Every structure is written in structure tokens, then in C-alpha cells.
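After the C-alpha cells below, expect a handful of questions from me.
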Amino acid sequence: MSVRVRFAPSPTGQVHIGNIRAAIFNWLFARHHGGKFLLRIEDTDRERSTPEAVQGVLDAMAWLGLSTDEAPVYQSSMRAAHVAAAEDLVRRGAAYREDKGGTGKGEAILFRMPAEDVEFQDDVKGQLKKAAKDVKDFVIVRSDGSPVFHLGNVVDDIQMGVTHVIRGDDHVENTFRHVALYRALGATVPKFAHLPMIVNAQGKPYSKRDGAAYVGDFREKGFLPEALFNYLALLGWSPGDEREVLTVDEMVAAFTLERVHPSPAQVDQAKLMWMNGEHLRRRPLGERVAGCKADLQANGIWRDGMDEAYLARVVDAMAERVKLYTDMSVQAGFFFNDDFAYDPKLVEKRLRKPVDMEAGLGALHAAWAALPEFSEAALEESLKALAVARGANPAEFIHASRVAVSGMGVGPGLYVMLVVLGRERVLARLGRAKNLCARTDAAAPGSAGGNG
RNA sequence: GCGCCCAUCGUCUAUCGGUUAGGACACGUGGUUUUCAUCCACGUAAGCGGGGUUCGACUCCCCGUGGGCGCGCCA
């Protein structure tokens, strides 16, 4: 029997990471077994289902690479089959009409739960059993003629030939009802596997209040799809060895339901961030450059006509410092913008006190302007010689130079950074920074007032 | 209230009766960089409690405790 699984979201809003993780597990399972991965849009809630939400599901899946093998099934189009199934159950005495609760709304169709206990094998949780008395009859078609979730879900899964129902833990209780429905409908009961929930630090279902909760949130924050995919796959599943950063192919090869952990898991943003960095550095330079460029463009830092080769050198210099493409604008904006802002605290600490660097920066400017070759080695040698000659610690000059050319205290190694920036920019920035040195508020009495 | 499920470092997890309980993130320390970060090394840190079963339990069973889910003419 070839495997057929499905992802069956309700398009009623943004796609939650818990839902998309269910999709990921289904997809991985299908690919591992060479089966089919299907999509069913459960859009029967006309009040809340919107075309935008449907598109949102499709976009999220496409972004993560969750390819489907057949055209999506829209549950709303299956209504006739649902009602027919219910009528059939009534004819055979497995269901009955009743004005449940005497609402006066008319008669609904209720499924008659069998008198015997219900049992099923869950591929994650093991053998599950429920006493007959604990499962009540339930409505399958409302008095207005519309089918209820349980009925539609089961009828559609039968119709779509679903062999394994892999879904969230919150459906375990429903499964007892569903199993009874399959039997009453004369269908083969599929295998079930219930995935643990994603919870917050308090153990409650993870929601928007706990931080990024939707696929779109992570995408906007700059996370890579392969990183989110990998991270989510590892929430409740592990390959069995000590690998953590995995390619999709590796996950497909290793995925089994037996290795799914039954207890709930918390999202650890820090680890996701780390994982994103791991996946980022695995992307070829060309792709990283394109990603960084997009972020710089989005923030108005990159303008058409700028030097692409220069961008590539910057990205290379930033290398492992960047964990998200969106780090570029904040961490490397100064490479592209000559009018970058100086961190006031660093100006104070590195350019004014304890040592006024005005003369020092002037000396560096002169020395570097005269350097025959603007290379890392030459720059380093020159800086150190100059510092020593002036009776200073090279570290002072290093820090001062960094602040002078970038305005920041963190960044690539100083000499690499200088070379990438190039002589022209460096000299201009040194000149500009000189004007920030101790001549105003930080100046000693008597030496203030210089304006040259 | 009743029913079902879950329970290993702060977090994600390995372990399927015998291990100094392993790895990763985070954290700490040290080294490298006369520079922040990176990187490297090392380190701190766990079997919810109580009973059993067994020569031997994190692992199996029971009772608690804690948490989650369900008990809709929502999905």
C-alpha cells in the first residue's frame, strides 16, 4: 500500500508554526516512503475562511518547499458527499435525526457511537483506548444541513485515500470518534500519529503573545526557509544520531514516526537564530550577496548603480557575523553610507577619553595616505609603528580607527574592514572623525575652542 | 467534575534494563585577535515524588504531583 498523507488546514488566518510543522512532518513522511503528500483546504467555515487565508497557506508551503503531489481539495466542494454519507448512516441505523437539546432549530443528524470501547494504535503515542461510555453521540450534520468537521474530515480522508493521518495532539480525542465513523462507513481505518504541541514557557499552547507565531513572522524577520524547516522538524523529532543541522534530503532519509517524541516542546528563539546562521553560511556566496542586497535595498541603504563587487567583498568580510540577512542593515550599513552615525558612547570612549585621538587620527591619515599599498599587512604594520612611535598602545589606535571608519564598536577584523572600505573612504572618514575628538565638552579647560 | 495524554540539564533532545546519563542552543571560563565579534578549548547543568517488579531501573507497573488536551449544531 503506498503512503498517502495530507495537510488539512482551515484557512481562517495566518499559518501558525504548529500547523506548518504538522505539514512538514506529513511531507517528510510522504517523501521518506515515496508516497503522496496532499493538501485539503478545510474551508467549510464560511464565516471565517477567506481567499487571502487560502493564499497565505499556499505561500507558506511554497516558501518552505512543501510541494504537493495532487491538486488541492477544497472541502466546501465535498459537501454533497458528506451529506450523502450521513444519509447513508441514517438509513443503516448508525445515525439518527434529533433536535438535540430541543433548540427548536430543527433536526440535526447525530452519529450513534457504538456500544463497544474504541481503540486505535497511534504511531507516536502507542495503543490508545477509550471506554464506550466516555464517547457520546455527536452531531455530524447540523439542522441547517451543513456537515460538521468530524464527518467531513473522515469522508474526505476516505475519498482521498489517506493512509496515515498525521496531525496535532489536540485531535487525539476526536480520533476515537473518527475511528468509529470509519468503521460505520465501512472504510479501512487509516493509521494515526499525533504530534506533540508547541507550547510557550508556561506550557500553554504557543501563541502570538509568545512571540513570532506565524510562518510570515519568521519570514519577515529574515529567517531562511530551510532553517525554519530544520528547526521545526527537530521540535519533537530527532534523526537518532547527533546531527542537528540537516538538509532536507537528510531529513527525508532519516524521518520516521517512531522517532517522534511524544511530549510538548518549546520554541527556543536563540537556537533558531543559531540554526539560521548555520544554514546561512552554507549558502553559496552569490546567494548570500543577493539576500544581503535585498535587505539593504529594503532599508534604503542600497541604491541602484552601487558597486556589486564591493557588495560581495563586504558580505564576505561580514561572513559568520551575519546570522540573518536583516543583520546587514544594522551591522554593515556603514560600508555603503558615508554619512553613517557615530555611537556617542564610543566616540567618548575611543576618540576623546582617556586619550584625545585628534592628533593620532591625523597621523594615521597622513601615514595611510602615503602607503604605497593599501593592504592588510601594510595597514597593520603602519598602525602599530605609529602607535609605538607616539608612545601609545596599538589597541588604542585600533579601537579609534574602528570607530572612526564605522561609527561602531563591532564589525569585521579592523584591517580587513579597512581594505574593503578602500583608501579613499577610509581617509575621508578619518578626516571626519578628527572633528569629533575632544575639542568641545570633553576638552580640558584652556584647550577648548579650537575650530580648525 | 469525568476522560485521555505527557513528564531526562534553563531549552531542544539521545538513551528502547546494566552508560562516568551523550549531543546541541544558551550560559561561564580560558586561548586566539595588542580590536568588539567570530573561532577554538574547557566547564556548570538533568532522570518530578513515593511505592513496587528485577541481581540491576531514567527505562517496566502502580499511586501521587504538575502540566496539556477533550467533554460544541467550532475546526
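Here the structure is a predicted model, which is why all the values come from computation and not from measurement.
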Fill in the blank from the handout: Heavy-atom closest pair (A:Ala404 atom, A:Ala433 atom, distance to 0.1 Å) is CB-CB, 3.5 Å
Exercise for the section: Name the nucleic acid region contacted by A:His150, choosing base, sugar-phosphate or nothing; use a 4.0 angstrom heavy-atom cut-off, strictly under. Expected result: base
Problem - Between B:A24 and B:C2 - P atom distance, rounded Å - result: 46 Å
Fill in the blank from the handout: Sorted by position of nearest nucleotide on RNA chain B, 5' first, the leading residue of A:Trp237 and A:Gly413 is A:Trp237
Handout entry: C1' gap between B:A21 and B:C16, integer Å
Key = 14 Å
Fill in the blank from the handout: When rounded to whole Å, the CG to P distance for the pair A:Leu383 and B:U34 reads 11 Å
Practice task
Please state how far atom CD in A:Gln202 lies from atom C1' in B:G66, giving the value in whole angstrom units.
Solution key: 15 Å
Problem - Check: A:Tyr231 ring centroid to A:Phe223 ring centroid under 6.0 Å - result: no
Practice task
Check every strand shown and say whether A:Asn174 touches a base, only sugar-phosphate, or nothing at a heavy-atom separation below 4.0 Å.
Solution key: base
Completion exercise
Testing B:U34, B:C25, B:G68 for proximity to the side chain of A:Asn393, the answer is B:U34
Handout entry: Among B:G72, B:C12, B:C69, the one nearest A:Asp170 by side-chain distance
Key = B:C69
Exercise for the section: Would you kindly give the CZ-to-C1' distance between A:Arg243 and B:C25, to the nearest whole Å? Expected result: 19 Å
Practice task
Mind checking A:Gly409 for me? I need base, sugar-phosphate or nothing, with any heavy atom below 4.0 Å counting as a touch.
Solution key: base
Practice task
In whole angstrom, give me the gap between the C1' atoms of B:U13 and B:A26.
Solution key: 15 Å
Completion exercise
Atom CD of A:Gln266 and atom C1' of B:C12 are separated, to the nearest Å, by 9 Å
Fill in the blank from the handout: Of the candidates B:U35, B:A26, B:A75, the side chain of A:Trp274 sits closest to B:A26
Problem - Sugar-phosphate only, base, or nothing, as touched by A:Asp343 at under 4.0 Å among non-hydrogen atoms - result: nothing
Exercise for the section: Under 4.0 Å between any heavy atoms, over every strand shown, what does A:Arg167 touch: base, sugar-phosphate, or nothing? Just pick one. Expected result: nothing
Exercise for the section: Examine A:Arg432 relative to A:Phe340 and say whether NZ or CZ is less than 6.0 Å from the centre of the six-membered ring and inside a 45° cone about the ring axis. Expected result: yes
Exercise for the section: Would you mind reading off the distance between A:Asp137 atom CG and B:C71 atom P, rounded to a whole angstrom? Expected result: 15 Å
Handout entry: Rounded distance in Å - CE (A:Met275) to P (B:A26)
Key = 11 Å
Practice task
State whether A:Phe138 and A:Arg177 meet the cation-pi test: NZ (Lys) or CZ (Arg) under 6.0 Å from the six-membered ring centroid, and within 45° of the perpendicular axis.
Solution key: yes
Exercise for the section: Determine the Euclidean distance between corresponding P atoms of B:G30 and B:G68; express it in Å to zero decimal places. Expected result: 42 Å
Handout entry: B:G1 and B:G64, which share atom name P, separated by this distance in whole Å
Key = 13 Å
What protein N or O atoms touch nucleotides 4-6 of chain B N or O atoms at under 3.5 angstrom, if any, and at what distances?
unit_1 : atom_1 : unit_2   : atom_2 : d
B:C4   : O4'    : A:Lys130 : NZ     : 3.4
B:C4   : O2     : A:Glu173 : OE2    : 3.4
B:C5   : O2'    : A:Lys125 : NZ     : 2.8

Problem - Mate of B:A46 where both pairing distances stay under 3.5 Å, Watson-Crick or G-U - result: none
Problem - Centroid-centroid distance, A:Phe149 to A:His171, less than 6.0 Å - result: yes
Exercise for the section: Using a heavy-atom cut-off of under 4.0 Å over every strand shown, decide if A:Pro412 touches base, sugar-phosphate, or nothing. Expected result: base
Exercise for the section: Output yes when A:Asp169 and A:Lys125 qualify as a salt bridge under the 4.0 Å nitrogen-oxygen rule, no when they do not. Expected result: yes
Practice task
Spell out yes or no: do the side chain of A:Asp241 and the base of B:A14 have one donor N/O and one acceptor N/O closer than 3.5 Å?
Solution key: no
Practice task
Would you indicate what A:Arg259 reaches in the nucleic acid, counting non-hydrogen atoms under 4.0 angstrom: base, sugar-phosphate, or nothing?
Solution key: sugar-phosphate
Practice task
Compute the centroid of each ring, for A:Phe37 and then for A:Phe29, and state whether the two points are separated by less than 6.0 Å.
Solution key: no
Fill in the blank from the handout: Considering only heavy side-chain atoms of A:Ser143, the closest of B:C73, B:A75, B:U34 is B:C73
Exercise for the section: Return the nucleotide paired to B:C60: Watson-Crick means purine N1 to pyrimidine N3 with N6-O4 or O6-N4, wobble means G-U with N1-O2 and O6-N3, both under 3.5 Å. Expected result: B:G52
Handout entry: A:Lys133 side-chain N/O to B:C2 phosphate OP1/OP2 under 4.0 Å
Key = no
Handout entry: Ring centre gap for A:Trp237 and A:Phe25 strictly below 6.0 Å
Key = no
Handout entry: Nearest atoms (heavy-atom pairs only) where A:Ala22 meets A:Leu195
Key = CA-CD2, 3.8 Å
Practice task
Could you check if a side-chain atom of A:Phe7 sits within less than 4.5 angstrom of a side-chain atom of A:Trp27, using non-hydrogen atoms only?
Solution key: no
Practice task
Any strand is fair game: report the nucleotide pairing with B:C2 by Watson-Crick or G-U wobble, both distances under 3.5 Å, or none.
Solution key: B:G70
Exercise for the section: Take atom P in B:U19 and the same atom in B:U29, then report the distance between them in whole Å. Expected result: 35 Å
Fill in the blank from the handout: Closest to the side chain of A:Lys105, out of B:C73, B:U13, B:C71, is B:C73
Exercise for the section: May I ask you to say what A:Leu234 touches in the nucleic acid, namely base, sugar-phosphate or nothing, with a heavy-atom cut-off under 4.0 Å? Expected result: sugar-phosphate
Practice task
Using the C1' atom on both, measure B:C5 against B:G43 and round to a whole Å.
Solution key: 38 Å
Handout entry: Any A:Arg142 side-chain nitrogen or oxygen under 4.0 Å from OP1 or OP2 of B:G72
Key = no
Problem - Options B:U11, B:G22, B:C71, nucleotide nearest the side-chain atoms of A:Asp268 - result: B:U11
Practice task
Check whether any side-chain heavy atom of A:Leu234 sits under 4.5 Å from a side-chain heavy atom of A:Glu244, and report yes or no.
Solution key: yes
Handout entry: Given B:A75, B:C36, B:A26, the nucleotide with the shortest approach to the side chain of A:Arg402
Key = B:C36
Practice task
Counting heavy atoms from C-beta on, name the nucleotide in B:C12, B:G22, B:A26 closest to the side chain of A:Ala270.
Solution key: B:A26
Problem - Partner nucleotide of B:U15 by Watson-Crick or wobble geometry (both distances under 3.5 Å) - result: none
Handout entry: Closest-nucleotide ordering on RNA chain B, the 5'-leading residue of A:Val260 and A:Ala395
Key = A:Val260
Handout entry: Base B:A26 paired with A:Lys271 side chain (donor-acceptor, <3.5 Å)
Key = no
Handout entry: Closest to the A:Glu244 side chain, choosing from B:A26, B:U34, B:G23
Key = B:G23
Handout entry: NZ or CZ of A:Arg425 within 45° of A:Tyr310 ring axis and under 6.0 Å
Key = yes
Practice task
Give A:Gly236 one of three labels, base, sugar-phosphate or nothing, depending on what nucleic acid heavy atoms sit under 4.0 Å from its own.
Solution key: sugar-phosphate
Practice task
Hunt down the Watson-Crick or G-U wobble partner of B:U8, both distances under 3.5 Å, from any strand shown, or write none.
Solution key: none
Fill in the blank from the handout: Whole-Å distance, A:Lys349 NZ to B:U35 P, equals 14 Å
Exercise for the section: Could you state the atom-to-atom distance from CD of A:Gln331 to P of B:U38 in whole Å? Expected result: 11 Å
Practice task
With C1' as the reference atom in both, quote the distance from B:U11 to B:G51 in angstrom, rounded to an integer.
Solution key: 31 Å
Handout entry: Pairing nucleotide - B:C36, Watson-Crick or G-U, each distance under 3.5 Å
Key = none
Practice task
Tell me what A:Glu107 touches on the nucleic acid: a base, only sugar-phosphate, or nothing, going by heavy atoms under 4.0 Å.
Solution key: nothing
Exercise for the section: State the pairing partner of B:U20; accept Watson-Crick or G-U wobble contacts with both distances under 3.5 Å, and report none otherwise. Expected result: none
